[in-house]
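One structure is given below, encoded as structure tokens.
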Amino acid sequence: MVTDVGHAQRVITRTRDSETSGGVLTEIGLVTWRSLVKLTRTPVLLFFSLFMPLIWLVMFSQTFGTVFSSATSGGLPGGGSPTPLPYDYVAVLLPGITVMTAIQSASQSGFAMVSDLESGFMDKFFVAPIRRSSVLAGKLLADGLRMAAQAGIILGIAALLTLAGWRIPFATGVFGAVLIMFLAAAFGVAFSGLSNTVALRTKNTESTMMVSFSLTFPLLFLSTAMLPKALLPSWVQSFSTVNPVSYMADAARALILTGYDWTALGNAIIAIAAFGIILNGLAVMAFRAQGK
Amino acid sequence: MSEAVTPRPDSKKKAVPARSSKGSLIDVRHLVKVYAGGGQEEVKAVNDVSFSVSEGEFFGFLGPNGAGKTTVIRIITTLLPKTSGSIRVAGMDVERDGAQIRRIIGYTGQSIGVDGELTGRENLWLIGRLYHMPKSLVKERVEELLEVLQLKDAADRRAYTYSGGMRRRLDLGAGLVHHPRILFLDEPTTGLDPQTRNAVWEYLRRLHREEKMTIFLTTQYMEEADQLCQRIAIIDQGKIVAEGSPTELKAAIGADIITVRITRDEAFEKSRDRALEIARMVPGVSRATIFDEGVSAHTADGGATLLEVLRRLDTEKVPVHQVALAHPTLDEVFLQHTGRQMRVEEVKPMSRGFGRRRR
Ligand SMILES: Nc1ncnc2c1ncn2[C@@H]1O[C@H](COP(=O)(O)OP(=O)(O)OP(=O)(O)O)[C@@H](O)[C@H]1O
Ligand SMILES: [Mg+2]
């Protein structure tokens, strides 16, 4: 530890003069890079965040599949066509699983925040001459990329399943699939505001987990994510109309089953934007209040 | 909570002149911090603290657990808002010009904030880039720091595999990547073995000497403050109780100090009071005070006075557990100003046992 510091002297001036290079995008990019590197270096996390959704897909399509097909053998109740459906339950479920995955990733979003606050790493960000908002934005961008990748993998596997004879229409093809990935990521990012708010306010992993967990499942099952609206009990139907998860699921489902449903897409985007602004607004406030 | 800050008359505050210091790099005036406590009681962690640090100075904050060191350092480094008072760093106001201040300071916190999933090299690189240094310069600087901090061999290992000492060093490096003008260190050697601590000390001295860096350090170790700092403020329970160079502080106490520890039995308090009376009556004792384990007495001629004190204690049958004679160290300075020992739980090297006295 007693080597040449003199050399340092020579670069000091240069270092201090160069403080203005790189803008806000560099800042966000660095935070995103760090989050993604951490993710890829935690193989267990990576494995579960990518393969859990597939397990859900198989599990739910097996358990609910027969119920669904007997309930819809004469077409959807209230639906126009009396003929049997031209697709399997898995096609109905697929968009729901992408939403579910995004929500689950979103509910874990706050964990990293808690651990950075606890370890003192967050201070490194706060004491650096960067905008606080870059830290949050970079993290959300990393989360969004992860959620899009998850949705992409689920859709890719589903595409392979069609080769095995599963009937999934993919009505809007590759472009629709990309749109679903984008929607899932946006939806997930919107929802991670909740987990981040709780994390920043409580600074406690257990509380973050409990709050996220106790909201995630009701939101999923009291929505049209698992079953089309027509098959839900009437009180669940009424709840599902105020549940943003339904709008997201309906839009994605239309892209798989029938085609571009602009009303559904518009509703989904409005729902995502509204919840995203509210929840992430709360997260930003909690983030600003750090250390106060 | 906003409380009117008036300089409170306090006998111990005489060492803190509220001089206005134009040329100082860090200038803290009447700083108060009250933690809201979230439903619990409010905590007044910093209670009217004023001090200043001039350019190129090595300044230390010395105080026990909970004294308020971290609170002060976090407020100056813009990590925590103050309750009241004024703080200027390089002439800039912490609240208004936080962004500019952050460019010229480096901070290494008390908890080691390195990212365990990143390698040592990546940790430093990330910090350098966050300071908007160009890539080529960051690369050069990171290699240099890895070399200096002796982390070259472990540079490509993830930081969670590092030992505590390696992590401390890496964290120190993270505060230095951008060549700060002022370096803030919150207990930088806590948990290090003596060898590593010495190496860190040596490095800090070099930074101070060769890079002309202004360093603000907090510590619980008297020895550390004594070894490194040109000027020290002793902080206790949110107040600065003494300030000056180590030499000044020690000189203020007087020549020798006799420490008598009383046996801990049911009559401990009574025995201690008795010992205090006795010590005060011994000729040559300039001042005697009690502390949590016994009595300490200041005297010009330690050897002769000690014998007399012991003789009288023995006659009065005061149960003496241990006796020590020492030249003043910062431990005594602390004891003197707070009436408590710095770290009671530690076996203190303060008492070079009677009989092994070096003089
Ligand atoms: N976030 C907080 N909320 C409430 N009280 C706090 C908070 N942080 C610190 N305190 C209190 O403020 C006082 C000063 O704490 P601080 O961390 O500044 O002490 P310190 O001198 O750094 O101690 P140590 O040597 O243990 O690090 C303590 O009484 C502590 O309990
Ligand atoms: Mg502290």
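Numbered from 1 within each chain, the chains take letters A, B, ... in sequence-line order. Only heavy atoms go into these numbers, but all of them, side chains included; no hydrogens, no water, no symmetry mates.
Among all heavy-atom pairs drawn from Pro129(A) and Arg103(B), the shortest one is CB-CG, 3.7 Å. Summarising the geometry of Ser111(B) relative to Ser119(A), their closest heavy-atom pair is OG-O, 3.7 Å, with the distance given to 0.1 Å. Listed here is the closest heavy atom pair of Lys124(A) and Gly113(B): CE-O, 3.4 Å.
For chain B, the nearby part of Val37(A) is the side chain; its heavy atoms alone come within less than 4.5 Å. Contact annotation for Thr71(B): neither backbone nor side-chain heavy atoms come within less than 4.5 Å of a heavy atom of chain A. Only the side chain of Arg158(B) comes within contact range of chain A, with at least one heavy atom under 4.5 Å from a heavy atom of that chain. Using a 4.5 Å cut-off between heavy atoms, Ile101(B) does not touch chain A at all.
Atom CE of Met59(A) sits in a crowded spot, with more than 12 heavy atoms from other residues, nucleotides or ligands closer than 6.0 Å. Within a 6.0 Å sphere centred on NZ of Lys152(B), heavy atoms belonging to other residues, nucleotides or ligands number more than 12. Other residues, nucleotides and ligands contribute more than 12 heavy atoms inside 6.0 Å of the CZ atom of Phe217(A). Counting non-hydrogen atoms of neighbouring residues, nucleotides and ligands closer than 6.0 angstrom, the CZ atom of Phe275(A) reaches no more than 12 such neighbours.
In terms of heavy-atom pairs under 4.5 angstrom with chain A, the leader among Leu118(B), Thr78(B), Thr77(B) is Leu118(B).
With rounding to the nearest 0.5 Å, the separation of CD in Glu117(B) from OG1 in Thr42(A) is 4.5 Å. We find the CG-OH distance between Leu30(A) and Tyr131(B) to be 13.0 Å, quoted to the nearest 0.5 Å. Distance check: Leu130(B) CG to Ile130(A) CD1 gives 5.0 Å after rounding to the nearest 0.5 Å.
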Exercise. Taking it one step at a time, do Asp123(A) and Arg74(B) satisfy side chain to side chain contact (heavy atoms under 4.5 Å, CB included)?
Worked result: CA-CA 10 Å; Asp123(A) 287 343; Arg74(B) 289 180 69 85; 2.8 Å; yes
For this session: Go through the steps to decide whether Arg129(B) and Glu27(A) satisfy the test side chain to side chain contact (heavy atoms under 4.5 Å, CB included), and finish with yes or no.
Result: CA-CA 8 Å; Arg129(B) 295 287 291 132; Glu27(A) 293 170 6; over 6 Å; no
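Checked for salt-bridge contact, Glu122(B) and Lys38(A) miss the test: no charged N lies under 4.0 Å from a carboxylate O. A salt bridge is defined here as a Lys NZ or Arg NE, NH1 or NH2 lying under 4.0 Å from an Asp or Glu carboxylate O, and Arg41(A) with Asp115(B) fails to meet this definition.
Contact annotation: the side chain of Phe125(A) never approaches that of Ile127(B) to less than 4.5 Å [non-hydrogen atoms, C-beta and beyond]. Side chains of Leu126(B) and Trp33(A) form a contact here, defined as non-hydrogen atoms less than 4.5 Å apart. The shortest side-chain heavy-atom distance between Val114(B) and Phe121(A) does not fall under the 4.5 Å cut-off.
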